[in-house]
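Read the numbers this way: they start at 1 and go in the same order the structure lists the ligands and their atoms.
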Amino acid sequence: MRVLVTGGAGYVGSHTCLALLRGGHEVIVVDDLRNASIEALKRVQRLAGRALTFHQFDMRDGERLDKVFAEGPIDCAIHFAALKAVGESVEKPLEYYENNLLSTLTLCRSMLRFGVSRLIFSSSATVYAPLSPMPVDEDAPLGCANPYGWTKLMCEQILRDVAHANPSFSCVLLRYFNPIGADSSGEIGEDPNGVPNNLMPFITQVALEKFKQLQVYGDDYDTLDGTGVRDYIHVSDLARGHLAAMDYAMGHTGCVAINLGTGRGYSVLDIIQAFESVNGVQVPYVIGPRRPGDMAIVYANTQRARELLGWETELNIEDMCRDAWRWQKRNPAGYGDK
Ligand code: UD1
């Protein structure tokens with residue numbers, strides 16, 4: 001298939017481009033490289049032994065996007081391009097709403113104009129209302145605690161409405177849990193700007209001794225060891241999930257939300273311990289206060305992904321820790337071109 005991948009140079013996007021190229025698909029990436037590296041795409045092509053097409057522009061530029069659609073028929077779009085830092089979204093809500101909503105609207109407009117009807121959307125478990133029972137399934141109540149989450153939820157609603165108004169439309173909303181790890185080659189991985197917000201990139205940078213210690217955000221949650229529990233998923237499993245969603249979209253119309261997680265929860269201390277023992281490195285940590293907005297436990301009900309996509313995860317927590325560290329060790333400065 002000819003697949004348009006927006007945000008294809010980012011963390012999940014680059015791993016998905018690799019899986020697409022390896023699966024024999026033709027890949028067209030649109031990315032403005034605001035938060036990503038061209039180096040990631042160079043390495044993806046090298047690993048796959050195949051080329052992709054790259055266009056650098058902001059997804060809100062509808063004229064340029066139309067030109068991409070005019071170059072040849074697109075079978076499916078996968079929409080990753082978005083701003084994604086929770087804290088930043090609280091400080092700059094307008095930037096988040098403007099960017100994430102307008103890029104989705106622009107994409108839908110071009111798709112409808114060119115008769116492209118299959119869309120895989122990069123959503124997040126963050127759309128579930130706080131205090132949802134766990135494991136959380138796709139029919140749980142929705143609601144968010146920050147503007148980033150709201151942009152995901154609002155885009156989901158836009159896409160549901162577009163699918164409703166266009167009966168040939170097929171849209172899969174993929175709600176990711178916590179993607180970590182890297183391609184097993186160690187050539188591509190997560191390369192956050194500045195101080196990492198998320199757990200695994202912080203752990204790998206502590207292991208590199210870029211930071212003295214990790215701060216564990218609270219040990220007084222109602223969990224086995226008191227630290228927060230999350231459903232960590234290997235980014236390569238997540239990437240495969242997009243190919244399964246594409247297959248599903250080939251045979252179905254309408255709009256469906258699907259969780260992509262492992263269905264298992266690990267605490268912060270579990271992750272530190274697994275990382276240390278798999279990699280033989282130390283991750284010094286201190287216990288700090290809770291981070292505002294964090295929940296005690298989040299993990300996925302994975303039944304719908306199994307039933308509709310025939311997809312489930314294959315890689316375990318040790319694989320995730322090993323691959324995250326291999327990438328970081330080989331690339332201490334990330335891609336080094338930002
Ligand atoms: C976060 C975002 C979520 C987003 C996801 C993307 C928040 C509140 N949520 O999820 O909206 O979709 O990233 O991957 O930011 N932790 C520490 N020390 C750290 C960093 C994290 O103890 O330095 C803990 C957290 O309290 C949490 C766990 O590690 O229990 C995972 O945190 P993180 O990787 O930031 O992911 P989420 O908060 O689940």
Side-chain angles (χ1 to χ4, degrees), residues 7 10-13 15 35 80 82-91 96 100 121-130 132 134 136 142-153 155-156 173-182 189-207 210-235 238 259-262 265-275 283-300 317 320-321 324:
Y11 174 46
V12 183
H15 286 81
N35 243 326
F80 293 106
L83 298 174
K84 61 164 191 182
V86 173
E88 187 184 58
S89 80
V90 177
E91 286 154 29
Y96 271 68
N100 293 1
F121 178 66
S122 174
S123 190
S124 167
T126 200
V127 300
Y128 291 117
S132 297
M134 295 294 150
V136 65
L142 303 177
C144 297
N146 55 68
Y148 159 73
W150 279 110
T151 68
K152 290 293 173 191
L153 195 45
C155 285
E156 284 199 0
L173 312 170
L174 294 179
R175 293 181 179 155
Y176 311 155
F177 281 67
N178 289 58
I180 59 171
E190 187 168 13
D191 184 17
N193 287 335
V195 179
N197 298 311
N198 298 116
L199 180 64
M200 185 54 86
F202 206 97
I203 287 180
T204 58
Q205 297 198 16
V206 170
K210 265 197 196 176
F211 299 103
K212 202 167 104 237
Q213 59 198 15
L214 170 77
Q215 188 171 170
V216 175
Y217 295 142
D219 68 348
D220 57 352
Y221 285 105
D222 188 13
T223 62
L224 278 180
D225 63 22
T227 66
V229 168
R230 295 291 181 275
D231 185 336
Y232 296 93
I233 171 171
H234 196 296
V235 67
L238 190 66
N259 286 342
L260 293 186
T262 65
Y266 288 94
S267 74
V268 177
L269 297 183
D270 289 336
I271 298 294
I272 296 172
Q273 211 215 323
F275 190 91
V283 181
Y285 66 87
V286 286
I287 306 291
R290 292 184 180 191
R291 180 171 64 180
D294 274 359
M295 288 199 278
I297 306 186
V298 183
Y299 64 103
I317 204 72
M320 300 182 214
C321 290

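Distances between N or O atoms of Leu199 and those of ligand 1 include at least one value under 3.5 Å. Remark: ligand 1 and Arg230 share an N or O pair separated by less than 3.5 Å (distance only, no angle test).
For ligand 1, the atoms lying closer than 4.0 Å to a non-hydrogen atom of Thr126 are 11 (O). Heavy-atom contacts of Asn197 reach the following atoms of ligand 1: 20 (C), 35 (O) (cutoff under 4.0 Å). Less than 4.0 angstrom separates some heavy atom of Val216 from each of these atoms of ligand 1: 22 (O). Listed by atom number, the atoms of ligand 1 under 4.0 Å from Asp294 heavy atoms are 8 (C), 25 (C), 26 (O), 38 (O).
In this structure, a donor-acceptor pair under 3.5 Å is absent between the side chains of Asn178 and Tyr299. A donor-acceptor pair shorter than 3.5 Å can be found between the side chains of Glu88 and Tyr96. Asp219 and Thr227 form no side-chain donor-acceptor contact under 3.5 Å, judged by distance and modelled atom types alone.
Of the protein's non-hydrogen atoms, the one nearest atom 7 (C) of ligand 1 is Val86 CG2, 3.8 Å. Among all non-hydrogen protein atoms, the one lying nearest atom 37 (P) of ligand 1 is Asn178 ND2, 3.5 Å. At the top of the distance list for atom 16 (N) of ligand 1, counting protein heavy atoms only, stands Tyr217 CD1, 3.5 Å. Closest to atom 18 (N) of ligand 1 among all protein heavy atoms lies Gln215 O, 2.7 Å. Remark: minimum distance from atom 28 (C) of ligand 1 to any protein heavy atom is reached at Tyr232 OH, 3.4 Å. Here the heavy atom of the protein found nearest to atom 24 (C) of ligand 1 is Val268 CG2, 3.6 Å. In this structure, the protein non-hydrogen atom closest to atom 12 (O) of ligand 1 is Ser124 OG, 3.1 Å. For atom 35 (O) of ligand 1, the nearest non-hydrogen atom of the protein is Arg291 NH2, 2.8 Å.
Remark: distances from the non-hydrogen atoms of Tyr11 to ligand 1 are all 4.0 Å or more. Ligand 1 does not have Gly149 within reach: every non-hydrogen atom of the residue lies 4.0 Å or more from it. Remark: distances from the non-hydrogen atoms of Tyr176 to ligand 1 are all 4.0 Å or more.
The neighbour count for Leu224 CG, taken as heavy atoms of other residues, nucleotides or ligands under 6.0 Å away, does not exceed 12.
Under the 3.5 Å distance criterion, the side-chain polar atoms of Lys152 are matched with a main-chain donor or acceptor of Ser122. Asn146 places no side-chain N or O within 3.5 Å of a backbone atom of Ser89 that could act as its donor or acceptor partner. No side-chain donor-acceptor contact under 3.5 Å links Asp231 to the backbone of Gly261. Between the side chain of Tyr217 and the backbone N or O of Gly228 there is no donor-acceptor pair closer than 3.5 Å. A distance-only check finds a donor-acceptor pair linking the side chain of Arg290 to the backbone of Asp220 [under 3.5 Å].
Using a 4.5 Å heavy-atom cutoff, the side chains of Pro284 and Val206 are in contact.
When heavy-atom distances to ligand 1 are checked against a 4.0 Å cut-off, Thr227 has no atom that comes that close, whether in backbone or side chain. In Arg290, neither the side chain nor the backbone holds a heavy atom less than 4.0 Å from any atom of ligand 1.
At least one test fails for Arg230 against the ring of Phe177: distance under 6.0 Å to the centre or angle within 45° of the axis.
Nearest heavy atoms, Tyr128 versus Arg175: OH-NH1, 3.0 Å.
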